[in-house]
Amino acid sequence: MSRRQYPFHLIEPKWQQRWEAQQTFRAWNPGDSVPASHPFGVRHQLAGKTPAASELPPKFYILDMFPYPSGAGLHVGHPEGYTATDILARYRRACGFNVLHPMGWDSFGLPAEQYAVKTGQHPRKTTEANIANFTRQIRSLGFSYDWTRELATTDPDYFKWTQWIFLQLYNSWFNPETNKAEPIETLTYPAELKLIVEDWKTITLQRAHDDHSTPEADDEFRKAAQKAMNEEVEQSRRAYRDSKRLAYVSEAPVNWCPELGTVLANEEVIDGKSEVGGFPVIRKPMKQWMLRITAFAERLLADLDTIEWSDSLKEMQRNWIGRSEGAFVNFTVDPVVWEGKPIHQGAKDTITVFTTRPDTLFGATYLVLAPEHPLVELIAPDNSVEWANICNYRAEIASKSDLERTELAKEKTGVFTGAYAINPVNGEKIPIWIADYVLASYGTGAIMAVPAHDERDFDFAKKFNLPIVQVVQPPDDKTDWQGFCDEGTAVNSGNAEIALNGLPTKEAKAKITTWLESKGLGKKTVNFKLRDWLFSRQRYWGEPFPIVWKRDEAANLYHEALPESALPLLPPALDDYKPTAEGQPPLARAKDWLTLPDGAIRETNTMPQWAGSCWYYLRYADNKNAAAFVSPQAEGYWMGTASSPSPISQTPSPKPTPGVDLYVGGTEHAVLHLLYARFWHKVLFDLGHVSTAEPFFKLVNQGLILGEDGQKMSKSRGNVVNPDDVLKEFGADAFRLYEMFMGPLQDVKPWNTRGVEGVYRFLGRVWRLFVDEKAETDYEQAETVTSGTGSTKALLEIIKLGAAIKDEPATPAQLKALHACIKKVTEDLDALRFNTAISTMMIFVNEAMAWPMKPWSVLRDFLLLLAPFSPHLAEELWEKLHALRADPAGIPSLSYAAWPQFDPARLVEDTLEIPVQVNGKLRDVIRVPAGATNAELEEAAKAAEKAQFFLAGKTVKKVIVVPKKLVNLIVA
RNA sequence: GCGGAUGUGGCGAAAUGGCAGACGCAGGGGACUUAAAAUCCCCUGGCCGAAAGGCCGUGCGGGUUCGAUCCCCGCCAUCCGCACCA
């Protein structure tokens, strides 16, 4: 396949340059001045004006997931989603929307930093080179991005605002009363910390009424009170405040990779090894910044019902959030006594467990604590064999990697602590164990074990010979109650005060919980799997925290936010990007940067890569704003619901939707990015910075594109397809078309180069539908003669349209073909069915090729349908088509021409082909007038020639007539 | 183990209660050509049949229905998440 189907190598650069020069796809904000010549202004009568939001057409925000510009460049998977969104962006523009369709770079990241560690080259240089390569590749595909809105997370003008949003989080707390994030100033302090702020006024007032009070004495008292506040209470108040902030510091175990000398994010650890290099990763406790996403768990869950995401994606988020209803139950520790005295400190302690099955409390025959549980030290008898066992067991657990811990999960392990607790419902003395099947980080880190009705407890009890007591009767008598974990009926569950026997599980749960609450033994509660977000990384190439550390008078370290005026806080210059020898983050190497004149020390952690991608969609709305992360006007227009639906499209217009109207990307971000971004958005919403509760209204996951061998594309398999190669041979239009023709956007599907040839041939047919054969030959000769050096303009001018194209009325058959195509393509685009839209256009072209006369107007409308898919070819043919008319007003813009409307009147058939079934089996097809009545249909069906054999000698018992569709004759 | 998705010709797929396989690829035949490429036309699910035509066929087994690729129940397979979350 060497001969080109059509000169895409001339056409594509030509139009890309034209769009660039004209800024054709620039999206206009409220308050922007639209130049007189811009086709958007021409279309909407806004040329030369400065429209307000209410004067602009309705908005449509179509967003691609933020790419990380890797050194490897694009592979054919990336442009799948980009092509889909570009087609829709162009379609919505044609429908009359003001379309926001931006692109930018999630450019912080580990690879550039690792390259810097190895070579000493600043990560910014690597990053810039990679961005340049991505930009070139993406631009070569002719996407209609508004490049004036391009942004990169590594740009100080951008991360200034990432840091600013961090300060919003830092300066906020979650008010459980209002269920919202609020400024930290609204935090109310517990009584003992309130004294100075509020009560000292009362005290001085009281003193004012005191006969002995004098102004001097009052003043002295005030000073004393303030001093007391400063010295004694402020520390506590600060500690309290800091413990409530949405961004807080905690000592948490992190993934430390000694080999790489860095901490890794969970997502960078695969099966207990580093994703890069495959080195072992251990858990190590370190001081970390955390974000209080758990406070929003309930809303993150509930609001999923307000957005249009796929069920599977919503389900993944629900699972990740992991809400479960249950109860806390308190067990008292039974003192272990030696010679009349308890021999452990925790003798009077209470162990609180979380359970989703409080109804099984009577069957709790032992307790299990996580090995790390802080009470373990206190309850184990002093100097006992058990304590020695605990120490050994803990050491064993600590030495295991996460991988080993999960691999060995099948065989339960654990040791007895030597201590006992009292089951509050039956007073039984039950042993307390520790085992690593109980996680320290979930619930209370302690469980009540009900071996009869919990699989894990059952395994454990069998292994260690612990008692198994039935408290639930399965609904089915044949089911063994041992290990039965579903709902049933409570049995063996009663004491003098409460009886659950005979109650279904649900009712038993409610009854026991109420009883426990009334006795102060427990509490109904909701627990989440979601953990707070570990937000710091020991890296160089990330946003530095706008935080400094100071010491109070007692020499305790505390943190303080930098003022907004200190932003952006840039990372310091370094010669060496490795962590320090002591394991401090790389930023600690910058001694001058580290210490401020007042002695404060800067935070040396940086933010994770997720930070920048948490809010980029907001910045696109107003990316040049130096005074705010986004202006309220721009945010309100693009993310709000102010605009009205388009009157243009015939299919039901999309309703104005809150937030991004359509977000397309891979499933790999199903939980992390999409959960983090929703969280930030809700905080910004609560604080009044954005106008919607959810950022992404509709979200579609494109399916993975596999290699030609049906395997996932990877360098090691050698099956990676580089778009550059495909473009060279077939052009961007064919590439785009094939990406969409392969199958449904959401499906996983293999690449097939022969398939590209197929759609490429289709574009060739489109070309030949328009172009004169003789002119085509002349052009080819001219190109051969100049051997590629001829000017694009001169060469393309040789090409003339065919003489069969005439500005004459179309025949009814031609109009029918066109309108059927308009209808189907329009409906398919609204439903994101690109593959069937393309096959519809193929059918149209196959038919139109045979027309002796090709009406100008029909070809024009067809080009409008093709344009979103293969815009370069459509533009070129559009230009030539309009040149035929020599309209003094010039050639109208294809990109802003109105989407064609289909006329249902053109689609009506005079006669219909109706299948005739006998007993549900197809026997014949009859032709009837479109207006035939049911009776006429029945009559014609009974007379159908090929049906006679099957009707002979039988009586027709029943006739099913589906108007315009089918007749089914039922015979005995 | 749990959750989700998918299963249709040689291949990518279409049809989502009403003519299964549109459209494209691959394959076969023909036209044009000195020849090839390109292009254009025809055929192309399986089985039986010379043909007309018939029978079978949407992972498997049941069900609902005049009629099921489509809806319901039970399996199987593949892919993707999550995974001792009490």
Side-chain angles (χ1 to χ4, degrees), chain A residues 1-5 310-320 322-324 326 353-357 360 368 405-406 408-410 412 435-439 441-450 453-457 459-460 485 527-531 667-668 670-671 701 703-704 706 708 710 712 737-738 741-744 746-759 761-762 764-765 768 773 833 835-843 846 849-850 913-925 946 949 957-962 964-971:
Chain A
M1 169 136 324
S2 56
R3 184 181 174 273
R4 277 190 201 95
Q5 289 273 347
S310 70
D311 288 344
S312 64
L313 198 61
K314 285 186 182 181
E315 206 50 36
M316 274 193 228
Q317 290 226 336
R318 287 192 191 106
N319 290 342
W320 192 264
R323 183 184 196 274
S324 48
V353 303
F354 171 72
T355 178
T356 55
R357 293 294 298 269
T360 62
V368 189
R405 251 175 105 153
T406 37
L408 298 172
K410 277 155 199 137
K412 296 270 182 293
D436 70 351
Y437 83 90
V438 173
L439 307 175
S441 52
Y442 182 76
T444 60
I447 62 154
M448 63 177 212
V450 184
H453 307 296
D454 182 282
E455 204 182 329
R456 297 150 301 185
D457 299 342
D459 291 346
F460 193 79
C485 307
N527 221 320
F528 294 93
K529 260 161 74 173
L530 184 69
R531 309 290 151 78
T667 0
E668 65 272 22
V671 277
N701 288 120
L704 205 64
L706 306 173
E708 303 224 34
K712 204 169 168 172
L737 207 57
Y738 178 64
F741 187 63
M742 291 169 79
Q746 292 89 338
D747 287 7
V748 177
K749 46 215 173 272
W751 184 265
N752 178 4
T753 300
R754 308 302 282 268
V756 191
E757 287 176 29
V759 293
R761 274 200 286 265
F762 162 67
R765 270 201 307 284
R768 291 192 297 278
E773 211 178 315
R833 288 187 300 248
N835 53 333
T836 50
I838 294 166
S839 56
T840 301
M841 290 190 286
M842 288 173 168
I843 292 167
N846 288 345
M849 288 294 272
E913 288 194 347
I914 302 293
V916 176
Q917 294 183 343
V918 179
N919 284 353
K921 288 198 176 192
L922 179 75
R923 294 307 178 186
D924 203 353
V925 177
K946 289 173 188 163
F949 175 78
K957 274 197 341 193
K958 192 176 173 186
V959 181
I960 286 113
V961 179
V962 184
K964 293 183 192 296
K965 286 276 187 190
L966 163 141
V967 180
N968 190 5
L969 304 169
I970 312 303
V971 297

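Order of the sequence lines fixes the chain letters, A, B, ..., with proteins taken first and strands second; residue numbering starts at 1 for each chain. Values reported hereafter were calculated over all heavy atoms of this structure, with side chains retained and with hydrogens, waters and symmetry mates removed.
- Closest to the side chain of A:Glu315, from the set B:G3, B:A86, B:U39, is B:G3.
- As judged by a 4.0 angstrom heavy-atom cut-off over every strand, A:Lys529 is placed among the base-contacting residues.
- Of all nucleotides listed (B:A13, B:C84, B:C19), B:A13 comes nearest to the side chain of A:Asn835.
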Intra- and inter-strand pairs of RNA chain B in dot-bracket (Watson-Crick or G-U wobble, both distances under 3.5 Å; | for another strand):
(((((((..(((.....[....))).(((((.......))))).((((....))))..(((((..]....))))))))))))....
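- Each of B:U39, B:C19, B:C66 was ranked by its minimum atom distance to the side chain of A:Val925; first place goes to B:C19.
- Taking every side-chain heavy atom of A:Ser312 into account, B:G4 is the closest of B:G4, B:G3, B:C66.
- Taking atom P on both nucleotides, B:G28 is separated from B:U65 by 49 Å, rounded to a whole Å.
- Between the OH atom of A:Tyr442 and the P atom of B:A86 there is a distance of 4 Å, given to the nearest Å.
- When atom types are taken as modelled, the side chain of A:Tyr738 and the backbone of A:Trp751 share no donor-acceptor pair closer than 3.5 angstrom.
- Straight-line distance between the P atoms of B:G57 and B:G63: roughly 15 Å, to the nearest whole Å.
- A cation-pi arrangement is absent between A:Lys412 and A:Phe460 under the rule of less than 6.0 angstrom and at most 45 degrees off the ring axis.
- A distance of about 37 Å separates the C1' atoms of B:G21 and B:C82, rounded to the whole Å.
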Where do N or O atoms of nucleotides 23-32 of chain B meet protein N or O atoms at under 3.5 Å, pair by pair?
residue	atom	partner	partner atom	Å
B:G24	OP1	A:Asn846	ND2	3.1
B:C25	OP1	A:Arg761	NE	3.2
B:C25	OP1	A:Arg761	NH2	2.9
B:A26	OP1	A:Arg754	NH2	3.4
B:A26	OP2	A:Arg761	NH2	3.4

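- No donor-acceptor pair under 3.5 Å is formed between the side chain of A:Thr667 and the backbone N or O of A:Ala670.
- If you measure from atom CG of A:Leu969 to atom C1' of B:G18, you get 14 Å, rounded to the nearest angstrom.
- Atom C1' of B:C23 sits at a distance of 8 Å from the matching atom of B:A13, rounded to the whole Å.
- Going from the C1' atom of B:G9 to that of B:U44 covers 10 Å, rounded to whole Å.
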